[in-house]
There are 2 protein chains.
Amino acid sequence: MSRARPRKAPRRAGRKAKWALRGIRLPRYKAIKLEVTRALSSGRIAADEPLPTEKQLAARYGVSIGTVRRAMDELVAEHVVVRQQGRGTFLAPFSSERLLNRFWPVFRKDGEREIPIVQTLRFEEARADAETARALAVAEGAPIYRIVNLLLMGGNPVLLDEVRIARALLPGLTEENFVARENTMYGFYQSAYGINVIRVVDRLRGVAADAETARRFGIPAGSALLESMRIAYTFEDRPVESRRTLIHTQAYEYRNVIGGEVRIA
Amino acid sequence: MSRARPRKAPRRAGRKAKWALRGIRLPRYKAIKLEVTRALSSGRIAADEPLPTEKQLAARYGVSIGTVRRAMDELVAEHVVVRQQGRGTFLAPFSSERLLNRFWPVFRKDGEREIPIVQTLRFEEARADAETARALAVAEGAPIYRIVNLLLMGGNPVLLDEVRIARALLPGLTEENFVARENTMYGFYQSAYGINVIRVVDRLRGVAADAETARRFGIPAGSALLESMRIAYTFEDRPVESRRTLIHTQAYEYRNVIGGEVRIA
DNA sequence: TTCGATTTGTTCGTATGTATT
DNA sequence: TAATACATACGAACAAATCGA
C-alpha cells in the first residue's frame with residue numbers, strides 16, 4: 001500500500017514547535033498575544049492608530065493568519081483591543097462613555113446612569129508612605145501626586161476620592177493641565193501619557209463618615225458610607241494609581257455583575 | 001463581541017446563509033452557541049456528564065468542526081463549560097472552591113480566603129411581596145421560601161443573609177434536606193434541581209446596622225455595614241433568587257476586579 | 001456616486017500534537 | 001497500546017464593512 005502523500009507541499013518539520021519564553025513553552029498564538037501586548041504597553045501605539053493588520057502580523061511572526069486571529073480574538077474578549085471590519089484593529093478606546101460604564105459602576109438606585117461633575121479640591125506633591133509605596137510598587141518616600149476630587153451626581157456630592165500616583169508616571173504634570181483635561185482621569189492617562197489602565201481591583205467596605213466628609217456630603221457624622229480602596233493596573237500588572245473613594249449611597253449604589261460575560265448573541 | 005450592524009443588505013447568494021432567529025440573522029457559530037445553551041439550561045445534562053463531542057455536534061448541526069469549536073470557545077471564555085483534552089466538554093462545575101471564588105468575593109483584609117460556616121437561622125414559607133415578585137419574575141403573592149443564614153468566618157459572625165426563592169423552583173424542598181446539603185446553595189440548586197446560576201448582580205451600599213443585626217455581629221447598633229442586594233440568574237436571564245446580605249467589614253472586605261479577564265498566558 | 005482595494009468576519013477543510021481512558 | 005477527544009496550526013474561499021480614488 002502506497003503511503004498516502006499530502007497533495008500539497010510536504011513543507012513541514014516540527015510544526016508543533018512552541019516558543020520558549022521565561023522557561024515555559026507557549027503556544028504560538030499565546031506568544032503573539034504577549035508580543036502584541038508588550039507593544040501596546042510600551043505606549044508606542046496611539047489610541048486612534050490602527051495596529052498592524054492580520055497579514056502584517058502573520059508575516060512578521062511567521063505564522064498563518066488564523067493563528068494571528070486567535071491571538072487577537074482573545075485580546076478582543078479581554079477588552080484590550082477592538083476590531084472593525086474594513087478599518088482595522090485599535091486599542092480599546094477610553095471614551096468617557098466606555099470608561100464610565102466599565103470602571104465606574106456607580107448608578108442611581110433606580111438604575112439610571114448619571115455623568116458625574118468633578119471638582120478638584122486638592123492637587124499637591126507629596127511623598128509615598130509605606131502603604132502607598134507598596135501599592136504603587138515604588139520606593140518609600142518616592143515623589144507622588146496626591147489629588148482629592150469631589151464628584152457630584154444629579155447636582156449632589158456623592159463621591160469623594162483621593163488619588164495617589166507616582167510623579168514619575170506623569171512627568172511635567174501641573175494642576176493647570178490636570179484640571180483642564182477634557183476626559184476622565186484614566187482617559188487622560190492614556191491620551192496624555194500613553195498609560196492604559198486595563199484592570200482595577202476594588203476592596204469595598206462599609207465605613208462611618210468622618211466629620212469633614214459628612215460636612216461635604218451634608219449628612220450627620222457617623223453616617224454609613226461605602227468605601228472603595230482601589231488600585232488601578234496597566235499591562236503586565238504594573239500599578240498605576242491608588243485611590244480611596246467614599247461613596248454616599250443614600251441615593252446611589254455600586255453595581256457589580258459577576259458572570260456578565262455570558263452573552264449568547 | 002459583534003460589531004456594527006448592517007445598514008443595507010446587498011444580499012448576494014452563497015453558502016454563507018445565516019440562520020434566521022427572532023428576526024435577526026445569526027452566524028452559525030452563534031446559533032450553535034445558543035442551541036447548546038438552551039440544551040444546558042433545560043437541565044437535561046448532568047454536571048458530570050460530557051456534552052456531545054465536537055464531531056457529534058458538527059454532524060448534528062451540519063457544520064464543520066471549526067465552527068463548533070468557535071461556539072465552544074466562547075462558552076469556555078464565559079465560564080459556562082469547561083473542556084478537558086482527552087475527556088470531553090462539561091458544564092462548568094459548581095464545586096465549593098470555584099463557586100466561592102467566583103460568586104462570593106469576601107476576603108479577610110489581609111487577602112486570605114476563609115471558608116464560611118453556615119448557620120440557618122430561619123427557613124420558612126411565605127408569599128412574594130411586590131418587590132420580591134418583580135425581582136423573581138413571579139406573580140405577587142406567589143409562594144416562596146424565605147431563608148435566613150448567618151455565616152461565620154474565622155469563628156466570628158461576618159455575614160447575615162436573607163434569601164427569597166420561588167417555591168416552584170425547588171419543589172419538595174424541606175428544611176431538613178436544605179440544611180443537610182453538602183454544598184453551597186448555588187451548588188445545591190445545580191445538583192439537586194438542575195438549576196445553574198451563571199450570573200449575579202450585586203448592588204452595594206453602606207448602611208447602618210439595625211439593633212438585631214448589631215447584636216448578632218456583636219457591634220454597636222448604627223455601626224457601618226456593607227449591604228449587598230443580589231439577584232442571581234440562570235440561563236436566558238431567568239431570575240433564580242433574590243438575596244440581601246449584610247457584611248461586617250471590620251476585618252473582611254468585598255473584592256471586585258474589573259478587567260480581570262486580561263490574562264496573557 | 002460608483003468602484004475597487006483593504007481589512008476584518010465567517011466558514012470550510014486538513015494535519016498533527018497531546019492528554020485521557 | 002489503541003481509540004477518543006480536545007488543542008494547535010495551516011491554508012483557502014467568500015462575505016461584509018470601510019475608505020479613498
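Keep in mind it's a predicted model, so treat the numbers as computed, not measured. Every chain is numbered from 1 and lettered A, B, ... according to where its sequence line falls, protein lines coming before strand lines.
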Whole-Å distance separating the NZ atom of B/Lys55 from the P atom of C/dC12: 17 Å

Any B/Arg83 side-chain nitrogen or oxygen under 4.0 Å from OP1 or OP2 of C/dA19: no

Short side-chain N/O contact from A/Arg70 to OP1 or OP2 of D/dA9, under 4.0 Å: no

Short side-chain N/O contact to C/dC12 OP1/OP2 from B/Thr67, under 4.0 Å: yes

Nucleotide forming a Watson-Crick or wobble pair with C/dT1, both distances under 3.5 Å: none

Donor-acceptor pair between A/Thr120 and A/Asn149 side chains, under 3.5 angstrom: yes

Candidate pair A/Arg38 and A/Glu236, rule salt bridge (charged side-chain N to carboxylate O under 4.0 Å, His left out), full reasoning: CA-CA 8 Å; A/Arg38 288 233 174 98; A/Glu236 295 164 339; 3.2 Å; yes

Pairwise 5' ranking along DNA chain D for A/Gly62 and B/Thr53, keeping only the more 5' one: B/Thr53

Cation over ring face, B/Arg113 and B/Phe107, 6.0 Å, 45°: yes

Touch class at under 4.0 angstrom, heavy-atom based, for B/Gly66 against every strand present: nothing

C/dT10 phosphate, OP1 or OP2, under 4.0 Å from B/Arg28 side-chain N/O: no

Whole angstrom value for the distance that separates P of D/dG11 from CD1 of B/Ile65: 20 Å

For atom CG of A/Leu26 and atom C1' of C/dT18, their distance in whole Å: 16 Å

Side-chain donor/acceptor contact of A/Gln85 with base of D/dA16 under 3.5 Å: yes

C/dT8 OP1/OP2 closer than 4.0 Å to side-chain N/O of A/Thr89: yes

d(CD, A/Glu54; C1', D/dA9) in whole Å: 15 Å

Cation-pi, B/Phe178 ring and B/Arg181 (6.0 angstrom, 45 degrees): yes

Length of the line joining B/Leu51:CG and D/dA5:P, which is rounded to integer Å: 13 Å

Spacing of B/Leu57 atom CG relative to D/dA5 atom C1', expressed in whole Å: 12 Å

N/O (side chain, B/Arg87) to phosphate O (OP1/OP2, C/dA19) under 4.0 Å: no

Whole-Å gap separating P (C/dT7) and CE (A/Met72): 14 Å

Touch class at under 4.0 angstrom, heavy-atom based, for B/Ser64 against every strand present: base

Nucleotide C/dT7, atom C1' - distance to CD of A/Gln56 in whole Å: 10 Å

A/Tyr29: which of A/Asp73, A/Thr67, A/Val68 passes side-chain contact (heavy atoms from CB on, under 4.5 Å): A/Thr67

